[in-house]
Structure formats: C-alpha cells, structure tokens
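So you know, we letter chains A, B, ... as the sequences are listed, proteins then strands, and number each from 1. Since the model is a prediction, treat every value here as computed from it, not as a measurement.
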Amino acid sequence: MMAKAAKIQDRRQSRPAPSKKFNLRRNVLELRSLRNVFLTAGACLVAALGAVPLISVLYMLVVKGGARLNLELFTELPPAGFEQGGGIGNAIQGTLATVAIASAISIPIAILAAIYLAEFRPEGPTSALARFLSKVLTGFPSILAGVFVYAAVVLLMGGYSALAGGVALAVLMLPTVTLTAEGAMRMVPQRMKDAAIGMGCTKTQVVWHVTLPTALPSIVTGVILAVARVAGESAPLLFTALFSNYWLRSVREPTASLSILIYNFSSMPFENQIELAWAASLVLVLIVLTFNILSRFIGRPQV
Amino acid sequence: MSTAVLERPQAHSASEAAINCRVSKIFYGKFLAVRDSDVLIEKGKITGFIGPSGCGKSTVLRSLNRMNDLIKGFRLEGEVDFLGQDIYAKGVDPVVVRRHIGMVFQQPNPFSMSIYDNVAFGLKLNRYKGDIEEKVEHALRRAALWDEVKDKLKASGLSLSGGQQQRLCIARAVATQPAVLLMDEPCSALDPIATRRVEELMLELKDDYTIALVTHNMQQARRVADVTAFFSVDISRGGRTGYLVEMGQTDQIFEDPHEQLTKEYIRGDFS
C-alpha cells in the first residue's frame, strides 16, 4: 500500500515539462469560444423570453384574482349584475363534472384501443388507419368537436346538458390518451413480455399482469395531461353544456363551467363580475397546474 | 418412443427422456434455420447446447417450449416429444406447454414489481391455493437468493444487481416447479462472479429439475453439463443452416469427439 503510494508520488514528480507543441489552454478570443459564449447567451435569452407570457399571466391572475380567493368563491353561486359578493361554486362543480364524464367515457375506450394498437395488432391496415385518425383527431379544432356533439347528442337528447359537454370533451381526450397509452405500452421491454409468455401467460394475462401495470405510470401521466388540457376548454362547451346560474343537479341539465364563466363575466360592465372572472381564471390555472404537478409525481419511474 | 431412444447413441440409452426433440427442419419464413437435429433431454440432467453463433442452438431450445411461436413465419417440421406427447401436435395449447417447461432468458428480465411478486407471479397465475409465502421463500432459497433479499422482499426486482436479477428469474421459474427448465445463455450478461453463482445453482437444481442450457461458453458446458450437444452451421448450400453435429456425454464430447468438426471447435479452431 505504502509502496504503491510512493510509486505514484514518484511518477508525478518525474512528469516531464509540458510540451510547447500542444497548447491545451483555453483561448477565450478564439472564434469557437466566442461563438459558444454568444450562442449560450442567446439560448438563455430566448428561454427567458418564452417564460415571459406564462409568468406575466400568472402574476396578473394572482394580483387580480387572488383577492377573491376565499371560501365564498367556492361555495356561492355567481351573482347577477348589480349584486355584490357571490362565487363560482357551480362553475367549479360543472367543470369537474364535465371532465369526470369525459374521463369516464374516453379513458376505457382509449386504453382498450391502445391495447389493440400496441399488443394485439401493432401492424396491419386497421391499426395504421386508427393511428392515423387519432393523430388527425389530436389536431382537431375543439369547436368542431362541440358542433359534432351538438348534432349527435344535444339535438338527440333535446337540450343542452352536462352529459353532452362531457361527450364533447371526451372526443378531445380520446386521441391523446390513446396515443400516449399506446406509446407507454410499447415502452414496456419485450423481454418482460417474453418472461411472462415463458411462464405460460396467455396474451390477455400478459397485457393485464405485465404490460398494463408496467406502463401504468406513463398512462396515468397521459390521462392527467389530457384532463388538464380539456379542463380549460371553452369552445366545445358552448354548443353542448351551455351555461347555468344554478348548481348542477342532473347530468341532463345544462351546466356552468369555469371557462364559459370567465368568457361571460370578463365582458360584463360590472366590477364584481369582472373580479370573479379573474378569480375563476386563477382557480382554473391552479386546477390545471395541480394536474400537471400530479402527473409529474405519478409518471416518475418506479424503480 | 422407446424405439427412438434405442436408436440413439449408446451413451444415454439407459436414462429416461424428459424431452425427445426430433427436428427435421425449422423455418423462419423461407429461411431454413435448423435441420436434422435430434436432441434428447434426459430427466434430472443438465444438457448443454454449444456451437458457434448462428448454429441454431437457441432456436432449438426455444422450440422446446414453443417460444418460437411468437416469431412470424416460424415453422417446425418434426416433433418435440414431452413425456409422451408431441407439443406441436394439433390441439396442444402452447400456453399450457410453457407452464410445464419453464424458461430463463439471456437478459435478466424480472417484472417491474416487487421481488416477492416476481416469484409469486407464476403461482398466482396457476391459482395456487396453498401457502404462497412459503413457496416464495422456498423458491428464493432454491435460487440461492434468499439471504440477500429476505429483508427487502417489497423492493422492486429491478433494483437488484444483474446477477441477483438472473437468480430472481430462476427463482421465478422454479417457483411453479416446471418439469423442465430451459436456459438460454443465462450467464452471458453476467460478470464472472455472478456467472459462477448461477452455475453452482444449476448444479444444485439438477437434483429436482431437468435443465437444458444453451451456452456460448464451451467451458461452462464442460463445468455444468452432463450431456453436451454440439451444433454447427452449414453454409455450403447458400443459407446459414444450423444442425446437430454430435451429442454425447460431456466428457466424451470434450475429450474424444467422434466428429472432426467437433474436435476443431473444442480445440478452438473456430468459434
């Protein structure tokens, strides 16, 4: 041990003087170094610029809406023009209800579709078509989803309803959840599936006991992000859930929602309602933010 | 079946067959991957498959529990007789075959679940009614892993080291007590120390299990296999077709091979 250390010491001392031929020192004025500094600074600047809208919106929301963030906001109904006080309780309730309906409809369909795409028929014309259509649907204008559901559900049921709103949001959630769930299941290593097959699992058991549990964190992330996205939608709700000044009692009734309330109240001439619109915006952003943070925690690798 | 055994080389006519594999051709699509390979896996012994890359040893092994069914275009001509039943006969369910003929893979592949659940997986799959906890402990002890994991059975199977993962996979495979255990280069992803442990484990498991082992490492076959099958690859007819050159007691294969090709391979002339 000692001898070894001494040897290393010895070697260090006997190192030859640095060669003049190879200069390894950094030269700040070299073109390459300058370019590096310039581009790094540029990248930082652009990143900061990208954050400006987000930060400023958050700042405005907290400043303008924070004052009304109290219990009344969550428990009271929206006020009429000349009234004071009031809250956005029914809009929060309505948003949560429509999103819940949308999830209940879209998640099972999307996951089953994803299982088909990822496990049972990864290739083939049906899957190619389904995948293509899903991708098209991801970029589908949300207002058209509303128009579609207006024709398919509202006219059929004879009126606007929370249910119709939920269906419209489900149409928007469906492709995102399908594609992320498919991706998540494809990420499950083949050797894990092989192990299950080698143990004598049927295809269904492989999916149920190995693929789905392994992919679950990523699937949940996808679901939560989809939920967060549709929670803020207003266009598809205009034609389907409409609005209501009262609490939601049945899914067959029209319902209020945060996004529509913001739209309605922000253009009102009454100070009280405008304040509530700000507060509702803050609540909506907080809901979406919570979902996003939640997805980060769940989506973390479980190892 | 008995006549088939009698036709084999004298060396192992005495013991009982667990799997009697008589492959005349294995195709992947139009590609002839393996031809004329009759391999007898004897009960309670370790049968090693050796040979150069592409010689079809893994293909043959994976045909023994119908893992190859997953590969598109796979077709087998011949039969694989498992205790008197051809596993490729009509009406045979490959899923059931795999429950009796277990497999350990080249890459350790524990499930992304706890150590305990990994081992209990097969038991739950077979709706085992008895004491699962006891079975899990037994399997982990059998796989020489119990002492290392008994305090962290709830930890993820993926948190273990490579060698431990492979032993976990062996524990998982033996938990359901399959009649035969197929091992496809189980040590190729492991370091020498982990390899040694797995080899010791194989020798211990031999008392209760029939093992078929594919290995790229000749010395490994020599250390653990009772019987060795040497495969080679035939490139004479354009393709790359693997076939069984010779099979016999390990000592005989390594010390007194009958075939010139075996002799050259053992000597290290090609690999």
In Å, rounded to the nearest 0.5 Å, how long is the span from CG of B:L125 to OG1 of A:T202?
7.5 Å
Rounding to 0.5 Å, atoms CE (A:M199) and NZ (B:K124) come to a distance of 12.0 Å
Where does [X] contact chain A at under 4.5 Å (heavy atoms): side chain, backbone, both or neither?
| X | answer |
| --- | --- |
| B:L182 | neither |
| B:R172 | both |
| B:P110 | backbone |
| B:P94 | neither |

Does any N or O in the side chain of B:R99 come within less than 3.5 Å of the main-chain N or O of A:G200, such that one atom is a donor and the other an acceptor?
yes
For atom [atom1] of [X], decide whether the heavy atoms of other residues, nucleotides or ligands shown that lie under 6.0 angstrom number more than 12.
| X | atom1 | value |
| --- | --- | --- |
| B:E133 | CD | no |
| B:F27 | CZ | yes |
| B:I193 | CD1 | no |
| B:Q85 | CD | no |

Of A:K193, A:Q205, A:K203, the largest count of non-hydrogen pairs under 4.5 angstrom with chain B goes to A:Q205
Would you say [X] and [Y] make side-chain contact, with heavy atoms under 4.5 Å?
| X | Y | value |
| --- | --- | --- |
| A:D194 | B:L70 | yes |
| B:V95 | A:C201 | no |
| A:P213 | B:F111 | no |
| A:R191 | B:F105 | no |
| B:K72 | A:E123 | yes |

